[in-house]
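Everything below concerns the one structure shown next.
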Amino acid sequence: MQGGFLFLVHLIDAFRLTSFSGPANLKGFVSAPKAEKIERRHRLHMTRVRLCFHDRCFDGTASAALFYRFYKEKFDSAAEFGFTGMTHRASQPWTPGLFDGDENAIVDFKYSNSPKVTWWFDHHQSAFLTPADAEQFRNHPGPHMFYEPDYKSCTKLIATVAKERFGFDTKPLEELIHWGDIIDGAQYPTPESAVELTEPATQLGLVIEAAPEDGLPARIIPELAYRPLAEMVKLPLVAKHLEPLLERHRKSIEILRQRAEAIDGVIFFDVSDLDLEGYNKFIPYLLHPECVYSVSVSSSTVRAKVSLGTNPWNQATADKNLASLAEKFGGGGHPRVSAISFDPADLPRARQVARDLAAQLRAK
């Protein structure tokens, strides 16, 4: 009985996504003025949390799910969440009016200097939009702002802070924390294990990154906070995308086999003419294990993207900081993997930058 009640609670939360909602259904049972009065009273006593997370990213979605459960269990079980998936673009990501909660949290995404932000967790080298932002954080870090670039995943960072500083029990989320670290830290034992996508976690990651449905990661966050990963991939809103995406994944292996140029330890390919932005980033190293780096160009309706990566299984000669290379063009990420976002109309420039970076990495 209790499990059924919890499921109902989580299902209700799953529908409260990009905007905050009060008990609007009351208007179907009482007069409109009375319903509005009840709704106002309801809002006065409810903590509203705006949670911004790295969209279309397993670690970003897992980080949001962990924070959601942590906040509910340690601060306010009745808090109402609004979720906003953030995408790296050429333009400023923090739009006016975004931080509309009583609490405003950012996980696995860049720092905002807004005084309205009350929680921040990130682990990327390129966490700050400007040097002024970095200086502000160093001089006046908020009490609930945590930046640790040495962590493999933001999920693990939040879990550590929540457990050690706030006494949060992370045991029920051990599976999610484990896979957040494996997937975002590229800690698979072999290229095959990263590309086969036989584990529920890797299948869910495929849906999160590549499903052709806007807002899907935000919709699954409340469920992911409480369900095992094997159950997550069976949920209708996930399962309906899985088989088509697995077929697309299998085809993408053949596409990259045809298009990838492996020269002097660097793989280059351009799939910007195809719907392949969410391709599996480990395929190039399965096809060309002798290479150390990869550079690629992809595109979507919101950006043209240059991706840079390091072969996790061949790093003996990997001495380039890819985040630093990307920062020169307004991008960033981690030393071993990074990306640059351009306006969709700037695809020709993205292609040229990618070619130039590939040449730079191939230079002895």
Side-chain angles (χ1 to χ4, degrees), residues 54 56-60 88 108 110 122-127 148-157 179-197 202 205-206 209 249 252-253 256-257 259-271 276-298 305-341 350-351 353-364:
H54 189 187
R56 296 197 175 276
C57 168
F58 184 90
D59 187 36
H88 293 290
D108 198 40
K110 290 182 180 291
D122 195 36
H123 70 126
H124 295 89
Q125 174 184 312
S126 311
E148 296 291 345
D150 291 334
Y151 273 72
K152 299 290 186 183
S153 70
C154 191
T155 307
K156 186 64 175 288
L157 169 59
W179 278 104
D181 229 35
I182 293 292
I183 292 174
D184 213 54
Q187 299 185 89
Y188 299 94
T190 64
E192 289 79 7
S193 64
V195 174
E196 287 170 352
L197 304 186
T202 56
L206 174 65
E209 293 180 12
H249 168 67
S252 72
I253 296 175
L256 296 192
R257 192 189 306 277
R259 296 201 176 187
E261 306 169 357
I263 302 171
D264 293 336
V266 179
I267 306 161
F268 175 84
F269 56 95
D270 184 345
V271 291
L276 272 185
E277 185 181 7
Y279 71 86
N280 183 295
K281 63 186 177 184
F282 302 109
I283 295 173
Y285 312 122
L286 175 67
L287 300 175
H288 298 282
E290 77 284 1
C291 288
V292 179
Y293 299 109
S294 69
V295 181
S296 66
V297 187
S298 60
K305 181 181 178 183
V306 175
S307 300
L308 299 93
T310 308
N311 187 340
W313 305 278
N314 186 8
Q315 298 193 32
T317 60
D319 58 356
K320 300 293 192 298
N321 186 316
L322 301 186
S324 297
L325 289 179
E327 286 170 0
K328 296 177 181 178
F329 301 93
H334 301 289
R336 294 293 186 232
V337 60
S338 65
I340 310 164
S341 295
R351 286 171 166 162
V353 167
R355 285 283 185 186
D356 292 345
L357 287 171
Q360 185 175 342
L361 290 170
R362 286 168 177 158
K364 299 299 182 182

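Count residues from 1 along the sequence.
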Do you know which two heavy atoms are closest between [X] and [Y], and how far apart they sit?
| X | Y | answer |
| --- | --- | --- |
| I267 | A260 | CG2-CB, 3.8 Å |
| R56 | E209 | O-CG, 3.5 Å |
| N321 | A323 | OD1-N, 3.1 Å |
| C291 | N314 | O-ND2, 3.4 Å |
| A326 | G332 | CB-N, 3.5 Å |
| A350 | V306 | O-CG2, 3.3 Å |

Nearest-0.5 Å distance, [atom1] of residue [X] to [atom2] of residue [Y]:
| X | Y | atom1 | atom2 | result |
| --- | --- | --- | --- | --- |
| L286 | T190 | CG | OG1 | 8.5 Å |
| F269 | H288 | CZ | NE2 | 9.5 Å |
| S193 | Q187 | OG | CD | 11.5 Å |
| D319 | T310 | CG | OG1 | 10.0 Å |
| I182 | T155 | CD1 | OG1 | 12.0 Å |
| S296 | L308 | OG | CG | 7.5 Å |

Taking atom NZ as the centre, does K152 end up with more than 12 heavy-atom neighbours from other residues, nucleotides or ligands that are less than 6.0 angstrom away?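 It does not: K152 NZ has 12 such atoms or fewer within range.
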
With side chain to side chain contact (heavy atoms under 4.5 Å, CB included) as the test, would you mind laying out the steps for I283 and K281 before giving the verdict? CA-CA 6 Å; I283 295 173; K281 63 186 177 184; over 6 Å; no

Under 3.5 Å, side chain of [X] to main-chain N/O of [Y], donor-acceptor pair present?
| X | Y | value |
| --- | --- | --- |
| R362 | V266 | yes |
| Y293 | K320 | yes |
| S153 | D184 | no |
| R336 | G185 | no |
| W179 | D59 | no |
| S298 | V271 | no |
| H123 | Y151 | yes |

Please walk me through it: do N280 and H249 pass side chain to side chain donor-acceptor pair (under 3.5 Å)? CA-CA 7 Å; N280 183 295; H249 168 67; 4.7 Å; no

Quick one: do the Y285 and S294 side chains pair a donor with an acceptor below 3.5 Å?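 Looking only at side-chain atoms, S294 and Y285 do form a donor-acceptor pair, the distance falling under 3.5 Å.
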
Just by distance, with hydrogens left out, do Q125 and S324 show a side-chain donor and acceptor under 3.5 Å apart?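 Note: Q125 and S324 side chains meet the donor-acceptor criterion.
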
Report the C-alpha separation of S126 and K110 in whole Å, then their side-chain angles, then the decisive distance to 0.1 Å, and conclude whether the side chain to side chain contact (heavy atoms under 4.5 Å, CB included) test is met. CA-CA 8 Å; S126 311; K110 290 182 180 291; 4.0 Å; yes

Once you measure the plane-to-plane angle for Y188 and F282, does it fall in the parallel (<30°), tilted (30-60°) or perpendicular (>60°) bin?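 Geometry flag for F282 against Y188: perpendicular rings.
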
Is a salt bridge present between E261 and R355, judged by a nitrogen-to-oxygen distance below 4.0 Å?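 Looking at E261 and R355, the cut-off is met.
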
Do the charged groups of D270 and R351 touch, with an N to O distance under 4.0 Å?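 Salt bridge: yes.
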
Taking the side chain as every heavy atom from C-beta outward, state whether K305 and I340 have any pair of such atoms under 4.5 Å apart.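 No, side chains not in contact.
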
For a 4.5 angstrom cut-off between non-hydrogen side-chain atoms, does L322 reach L325?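 L322 reaches L325 side chain to side chain.
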
Test side chain to side chain donor-acceptor pair (under 3.5 Å) on E290 and N311 and set out the steps. CA-CA 9 Å; E290 77 284 1; N311 187 340; over 6 Å; no

Side chain to side chain donor-acceptor pair (under 3.5 Å) assessment of E196 paired with T202: CA-CA 9 Å; E196 287 170 352; T202 56; over 6 Å; no

What verdict does the side chain to side chain contact (heavy atoms under 4.5 Å, CB included) test give for I253 and V195, after you've listed the backbone C-alpha separation in whole Å, the side-chain angles of each residue and the deciding distance to 0.1 Å? CA-CA 9 Å; I253 296 175; V195 174; 3.8 Å; yes

